[in-house]
2 protein chains.
Amino acid sequence: MKKKIVRIKDIAERAQTSKGTVDRVLHNRGRVADDVRERILAIIKELNYEPNLIAQSLKSQRAFNLAALIPDPNLDSYWEAPHNGLEKAEKELRQYGVRITKFIFNSHSDTSFIAKAKEVGREHPDGLLIAPIFYKEALPFFKEWAEMGIPYVLFNTQIEHVNPLCYIGQDSYRSGSLAAKILRFGLHSPGTVLVAHVNEDISNSAHLITKEEGFRDFFKSEQLEDTFKVISNEINFPDEEGPDKQLDELRKQYPDLSAIYVTNSKAFEVAAYLEKNALKDIKLIGYDLIGRNQQYLNKGIIDFLINQNPLGQGYWGIHQLANHLIFKKEIPAIKFLPLDIITKENLDYYLDPQ
Amino acid sequence: MKKKIVRIKDIAERAQTSKGTVDRVLHNRGRVADDVRERILAIIKELNYEPNLIAQSLKSQRAFNLAALIPDPNLDSYWEAPHNGLEKAEKELRQYGVRITKFIFNSHSDTSFIAKAKEVGREHPDGLLIAPIFYKEALPFFKEWAEMGIPYVLFNTQIEHVNPLCYIGQDSYRSGSLAAKILRFGLHSPGTVLVAHVNEDISNSAHLITKEEGFRDFFKSEQLEDTFKVISNEINFPDEEGPDKQLDELRKQYPDLSAIYVTNSKAFEVAAYLEKNALKDIKLIGYDLIGRNQQYLNKGIIDFLINQNPLGQGYWGIHQLANHLIFKKEIPAIKFLPLDIITKENLDYYLDPQ
DNA sequence: TTTAAAAAAGTGTTCGAGCACGCATTAAAA
DNA sequence: TTTTAATGCGTGCTCGAACACTTTTTTAAA
């Protein structure tokens, strides 16, 4: 029962024609009589022909220049991981002619984003991976890229109605619900639960709102609204200061504060505050395995982290582009990455995957 | 700054010789004068030659017959996932000539295991993936296979000192600690915690003991031994009966039983008991996303499941063999898969990965 | 009917590595 | 010295698909 591999030549023989003709049918290059075309198509189906990708890419030798429009990891270490993911994917796909050019912008500066986005257009890449953290500023570019026929994959931040090839990242709503579920598991007595948006421009970050919704809806759907009061707050402060003032204020207002959910990777800021004030009983959950979060996770001040798998986002983003451009596979419009729950005990396994 | 891809021909030209000679150097086929050999080696290093895997595998066309010695998924649905992982890997690697023959044994019958293991030897596969759930019975075969030069990859059950190419699975000790950490997070008041080994022959399953150790050591290292009493029990019963009698007994003995850790995929048996007796306050954690566990997870009776990623175990097992046999890569002796924590909220993402 | 143009079909080279084969040179055996 | 073997090295075919190029056939125009 050994399946013989079907080649173009086999099809040609069976159809009593030449491999050149079969090739034209396969690639819709035209110049084939309709009846022959039908015959060949039937045989292709019958023999269940699958092109040999190896031979294919050996021949074509085409260069695929991909662009990656992503924030500077030096300014926010969260972005280190996507860079690594990109590079990992590039290594694997170099054989297939994939080259990646990085366009790195300042995550605090929309003008820097715009400048780099313009550069991307000038480069005319074959595909684009983008972390569209500036929602409003990104919109016009999507139109531009679509017109230029450049397929783009979004990651990290989901934006509706801009028709990307694919979005890669987490389901923010579910992510919020999951955080709620875990915190609730650790909460015994009634109290106040804080959703903290730390140092982030909420108006331009729809996904943080979605996380909060998911979080709140968990408590609603489990009929826990009487037991736990969910409040939310934007906590903004300059780098040197820390969130002390705002959190002091909140604790005064809600003395029964028993858990904090930080919606981005800045849980360490809150953790530092909790440590300083020896608030051992306030549960804390946040996002992302950046160095400072790991420290507090290991100390037991952060209880859980949800991993957004930023490395995987970069990695899969490039792979989706390759699947589309090189392997002509169908791409799902959304690829949700798992919501990994991280504690001190399983941290290692998520740090340097595969 | 475009890196030019270095071919054998390039090396040959630079060394003023022919590609045939370079090829002999590359493959240690001998028949090359020492000085030429040195020269070529130097150039290979200098130009940083990396063989084009695509061209390589196009040419070689070799068939790799792999064998998989695994339990029957019809008798224990846990084993469905590894089968799927195997098939997924086979699909990806078919291009490279990989074919897998499955040798399926009855997970309740050591004689069936032995019979199938003998069959494997007769087939002389190029590589073997095995779930060695019968420790004692498997030992002599490892020796046999080693003598035959068949590399074998272990998965699911780690066995020391049998010199496999690689072990793929979870770190059982850590796994136990993780379970403890999660349960502890949800435990408020002092009480008894049960480690339940359900319907499993402990004497032949070292990894269950290791899990228990990890679990107990967590409570020790966190100095919680005074607060929580950890007991363990083998709960064995015929399929029709259920664990009711044993659990009733245990609850009588330990009225403050507040959490149960099931060390294998049989948490659903305990969950059924808890549901029947409306024991909402006993926390329950177990392993694996098999159908019946999922039901109780969604009902909220099982609080958390730890995913052993059985699909991934099969998938990576085959890939490790391929990496060794086809791509001649270095294989790490142990590949620990992540300890995924699963709740109702993130279950979906782990059901059909990628 | 002839001729040109268009359409259809076929041929042959290429990609990079593997490997069989064969030739040439040198060393060892007769 | 001749024969044989061993060693060193180069040539050329192969894998399957892509595509440029050529040849054959069909159709339309003269």
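A note on names: the letters A, B, ... follow the listed sequences, proteins ahead of strands, and every chain is numbered from 1. Just so it is clear, the values below take in all heavy atoms, side chains as well, and ignore hydrogens, waters and symmetry mates.
B/Arg31 places its CZ atom 12 Å from the C1' atom of C/dC21, with the value rounded to the nearest Å. Between A/Asp35 atom CG and D/dT25 atom P the separation is 16 Å, expressed in whole Å. Rounded to whole Å, the distance from CD on A/Gln56 to P on D/dC15 is 18 Å. Nucleotide D/dC19 holds its P atom 12 Å from the CG atom of A/Leu26, rounded to whole Å. Atom CZ of A/Arg29 and atom P of D/dC21 are 14 Å apart (whole Å). One interatomic measurement links the two molecules: CG of B/Asp34 to C1' of D/dT7, which rounds to 12 Å at whole-angstrom precision. Between B/Ile54 atom CD1 and D/dA17 atom P the separation is 14 Å, expressed in whole Å. One interatomic measurement links the two molecules: CZ of A/Arg24 to P of C/dA8, which rounds to 10 Å at whole-angstrom precision.
Here the nucleotide nearest the side chain of A/Leu58, chosen from C/dG10, D/dC9, C/dC15, is C/dC15. Of the candidate nucleotides D/dG16, C/dA17, C/dT11, D/dG16 has the atom nearest to the side chain of A/Ala55. Closest approach to the A/Asn52 side chain among D/dC19, D/dG10, D/dG16 is made by D/dG16 (side chain taken as heavy atoms from C-beta onward). Considering only side-chain atoms of A/Ile8, the nucleotide from C/dA9, D/dA18, C/dA7 that sits closest is D/dA18.
Note on A/Lys9: nothing from the nucleic acid sits closer than 4.0 angstrom, heavy atoms only. Heavy atoms of B/Ser57 sit nowhere under 4.0 angstrom from any nucleic acid atom. Using a 4.0 Å heavy-atom cutoff across all strands shown, A/Thr17 reaches sugar-phosphate atoms only and no base atom.
Classification of the A/Tyr152-A/Phe142 ring pair by plane angle, with boundaries at 30° and 60°, yields tilted.
Annotation: B/Arg14, atom CZ; neighbour count of heavy atoms from other residues, nucleotides and ligands within 6.0 Å does not exceed 12.
Residue B/Ser18 places no side-chain N or O under 4.0 Å from the OP1 or OP2 atom of D/dT11. The phosphate of D/dA17 (OP1 or OP2) has a side-chain N or O of A/Tyr49 nearer than 4.0 angstrom. The side chain of B/His27 contributes an N or O atom lying less than 4.0 Å from OP1 or OP2 of C/dG18.
Annotation: of the two residues near DNA chain D, B/Gly30 and B/Lys59, the 5′-most nearest-nucleotide partner is B/Gly30. The nearest heavy atom of DNA chain C to A/Arg39 and to A/Lys19 marks one nucleotide each, and the one closer to the 5' end goes with A/Arg39.
When every heavy atom of A/Leu93 is checked against every heavy atom of A/Ala322, the shortest pair comes out as CD1-CB, 3.6 Å.
Both tests hold for B/Lys88 against B/Tyr315: distance to the six-membered ring centre under 6.0 Å, angle to the ring axis within 45°.
At distances below 3.5 Å, at least one donor-acceptor pair connects side-chain atoms of A/Gln170 with backbone N or O atoms of A/Asn307.
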